[in-house]
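Computed from a predicted structure; not experimentally measured. All chains are named by letter (A, B, ...) in the order of the sequence lines, taking the proteins before the strands, and each is independently numbered beginning at 1.
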2 protein chains.
Amino acid sequence: METKAATSIFESLSSSWRLEAFRLLVKQGPEGMVAGDIASALDIAPSSLSFHLKALTHAGMVTVEQEGRFQRYRANIPLMLDLIAYLTEECCSGNPGKCVDLRAASSCADALLPPISPK
Amino acid sequence: METKAATSIFESLSSSWRLEAFRLLVKQGPEGMVAGDIASALDIAPSSLSFHLKALTHAGMVTVEQEGRFQRYRANIPLMLDLIAYLTEECCSGNPGKCVDLRAASSCADALLPPISPK
DNA sequence: GCATCGTTTCTATAATTGTTGAATAGTTGT
DNA sequence: ACAACTATTCAACAATTATAGAAACGATGC
C-alpha cells in the first residue's frame, strides 16, 4: 500500500460520521446496508451521509452496489486488513525482542500482530 | 476506545507528513527519534514538523520525552494495537462463517483478526 | 552571562472540509 | 406518462487545518 492510499483511508475514518458508518458496515458484514438505513441508524441528514459515504467510497473502504432504487453499501474488509498490515509492518525493524513488551501492554495483545520472527 | 479518541487518531494519521513520521517511529521502536532527525529524514521544515508531531502527540500516537536539548519521540505501539482492535471488533457481528472469505482476500490474511469464535 | 543549538509558538495567509436545504437524477408502480 | 420514493449533487456559507518565517524558549558549553 502506498502512503497516499493510506492517508486517504485514514482521512476517510477521521470523522465521527464516517467512522460510525464504517463500523456499522463492518458489523453488518457481507450483507451490508442501504443508504437510508444507515442514515436512520446514525440519525444524519441524507445529503450529509451521502457526502461522507462518497469519501469512504473514494478511499475504497466501502463499496456500493445499486439494488433497485436503493444503494447498498458494504465495508471493504480486505482493505481494512491491508491497512492494518501497512501500519504494523516493519514494527521495530523486525527485531523480535524489542516488540514483546509493547505488545503485552495492549489490551488486544498478540493476536493482532504477525507472529514474531526475524526479518 | 471511544469514537472520539479513534477519530482523533485517524485524523492524526491522515496527513502524509504525520503518517510518514509515525511509521518511521514504529520502525524505530523503543529507541525512538529526536525531532531534528525526524525532520532530516522527512525533509520537512522544523516548525511544520513540530505542528504535526503535536497533533500526533495530542492524539496519543506518539510520546515525547526531553533529553538534554533534544526532544525524543516514540510511537505508542499499544495504542496502535488498541486502535486495530477497535476497528475490527464486532466484525460481521461475531458470526464465524461470514468473515472467512473476506479474511482470505487480504494480503495479510488471518494473522490480523482475533480467532474466529461465536459471540 | 552570553552565544549557540534544538525545538516550539506565534502570526498571517492559503487551502481544505463540513453543513444545510433545494434542485436533480434514476427507479418503481400505476 | 405520471407520481412517489431513494439517493446524490449543487451552491453558499461557516469552520477547520496547513504552511512558512519570525520570534521566543529552554538547555548547553565557553
*Asks:* Need to verify one output field. Residue with the more 5' nearest nucleotide on DNA chain C, A:Glu11 or A:Glu67?
*Replies:*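 Result of the comparison: A:Glu11.
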*Asks:* Below the 4.0 Å mark, does C:dT19 have OP1 or OP2 next to a side-chain nitrogen or oxygen of A:His52?
*Replies:*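 True: A:His52 side-chain N/O within range (under 4.0 Å) of C:dT19 OP1/OP2.
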*Asks:* Select one nucleotide: of C:dT8, D:dG26, D:dT8, the one nearest the side-chain heavy atoms of B:Gln71.
*Replies:*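 Within the option list, the nearest is C:dT8.
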*Asks:* Measure from CD1 on A:Ile44 to C1' on D:dT8 and round the result to the nearest Å.
*Replies:*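 For the pair A:Ile44 CD1 and D:dT8 C1', the rounded distance is 14 Å.
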*Asks:* Hey, does the side chain of A:Asn76 reach the backbone of A:Val62 with a donor-acceptor pair shorter than 3.5 angstrom?
*Replies:*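 Checking the backbone N and O of A:Val62 against the side chain of A:Asn76, no donor-acceptor pair under 3.5 Å is found.
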*Asks:* Tell me which residues in residues 54-63 of chain B lie within less than 4.0 Å of DNA chain D, going by non-hydrogen atoms.
*Replies:*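 Those residues whose heavy atoms fall under 4.0 Å from DNA chain D, taken from residues 54-63 of chain B, amount to none.
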*Asks:* Going by number, which of residues 12-23 of chain B have a non-hydrogen atom under 4.0 Å from DNA chain D?
*Replies:*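 Close to the strand are B:Trp17, B:Arg18.
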*Asks:* Send over the distance from B:Met33 CE to C:dT7 P, rounded to a whole Å.
*Replies:*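 That distance rounds to 11 Å.
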*Asks:* Could you tell me if the side chain of A:Arg72 sits less than 4.5 Å from the side chain of A:Thr63, heavy atoms only?
*Replies:*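 Heavy-atom side-chain distance check fails, nothing below 4.5 Å.
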*Asks:* Would you check if B:Ile84 and B:Leu87 make a side-chain contact, meaning some heavy-atom pair closer than 4.5 Å?
*Replies:*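 Not touching, per the 4.5 Å side-chain cut-off.
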*Asks:* Would you give the length of the straight line joining atom CG of A:Leu56 to atom OH of A:Tyr73, rounded to the nearest 0.5 angstrom?
*Replies:*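 If we round to the nearest 0.5 Å, A:Leu56:CG and A:Tyr73:OH are 9.5 Å apart.
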*Asks:* Between C:dG18 atom P and A:Leu53 atom CG, what is the distance in whole Å?
*Replies:*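 Distance, rounded to whole Å: 13 Å.
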*Asks:* Over how many whole Å does the gap from A:Leu49 atom CG to D:dA7 atom C1' extend?
*Replies:*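 Computing the A:Leu49:CG to D:dA7:C1' distance gives 10 Å.
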*Asks:* What contact category does B:Ser48 fall into here, base, sugar-phosphate, or nothing, at under 4.0 angstrom with non-hydrogen atoms?
*Replies:*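 Sugar-phosphate, backbone atoms only, no base.
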*Asks:* Are B:Leu42 and B:Val34 co-members of a hydrophobic cluster defined by side-chain heavy atoms under 4.5 Å apart?
*Replies:*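 They do not share one cluster, since no chain of ILVMFWY contacts under 4.5 Å joins B:Val34 to B:Leu42.
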*Asks:* In whole angstrom, give the distance that lies between atom CD1 of A:Ile38 and atom C1' of D:dT8.
*Replies:*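 Between C1' of D:dT8 and CD1 of A:Ile38: 14 Å.
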*Asks:* State whether the side chain of A:Arg74 and the backbone N or O of A:Pro30 hold a donor-acceptor pair below 3.5 Å, judged by distance alone.
*Replies:*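 Answer holds: yes.
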*Asks:* Just by distance, do the side chain of A:Ser48 and the backbone of A:Ile44 share a donor-acceptor pair under 3.5 Å?
*Replies:*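 Such a contact is absent between A:Ser48 side chain and A:Ile44 backbone.
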*Asks:* If I take atom CG in residue A:Leu42 and atom C1' in nucleotide C:dG18, what distance separates them, rounded to the nearest angstrom?
*Replies:*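 Going from A:Leu42 (CG) to C:dG18 (C1'), I get 16 Å.
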*Asks:* Would you mind telling me which residue lines up with the more 5' stretch of DNA chain C, B:Arg69 or B:Tyr73, judged by nearest nucleotide?
*Replies:*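 Looking at the nearest nucleotide for each, B:Arg69 comes out on the 5' side.
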*Asks:* Think B:Gln66 has a side-chain N or O under 4.0 angstrom from the OP1 or OP2 of D:dG26?
*Replies:*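 So the side chain of B:Gln66 is outside the cut-off, no N or O lying under 4.0 Å from OP1 or OP2 of D:dG26.
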*Asks:* Could you measure the distance from the CE atom of B:Met61 to the CG atom of B:Leu53? Nearest 0.5 Å is fine.
*Replies:*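 One gets 13.0 Å once the value is rounded to the nearest 0.5 Å.
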*Asks:* Closest to the A:Phe51 side chain: D:dA22, C:dT20, C:dG18?
*Replies:*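 Between D:dA22, C:dT20, C:dG18, the one nearest the side chain of A:Phe51 would be C:dG18.
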*Asks:* Rounded to whole angstrom units, what separation is found between the CZ atom of A:Phe70 and the C1' atom of C:dA25?
*Replies:*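 These atoms are roughly 16 Å apart.
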*Asks:* Distance-only check: which donor-acceptor pairs under 3.5 Å involve side-chain atoms of residues 1-17 of chain B, not counting sequence neighbours?
*Replies:*
| residue | atom | partner | partner atom | Å |
| --- | --- | --- | --- | --- |
| B:Thr3 | OG1 | A:Glu20 | OE2 | 2.5 |
| B:Thr3 | OG1 | B:Tyr86 | OH | 3.4 |
| B:Thr7 | OG1 | B:Thr3 | O | 3.2 |
| B:Thr7 | OG1 | B:Lys4 | O | 2.9 |
| B:Ser12 | OG | B:Ile9 | O | 2.6 |
| B:Ser14 | OG | B:Glu11 | O | 2.7 |
| B:Ser15 | OG | B:Trp17 | N | 3.4 |
| B:Ser15 | OG | B:Arg18 | N | 3.1 |

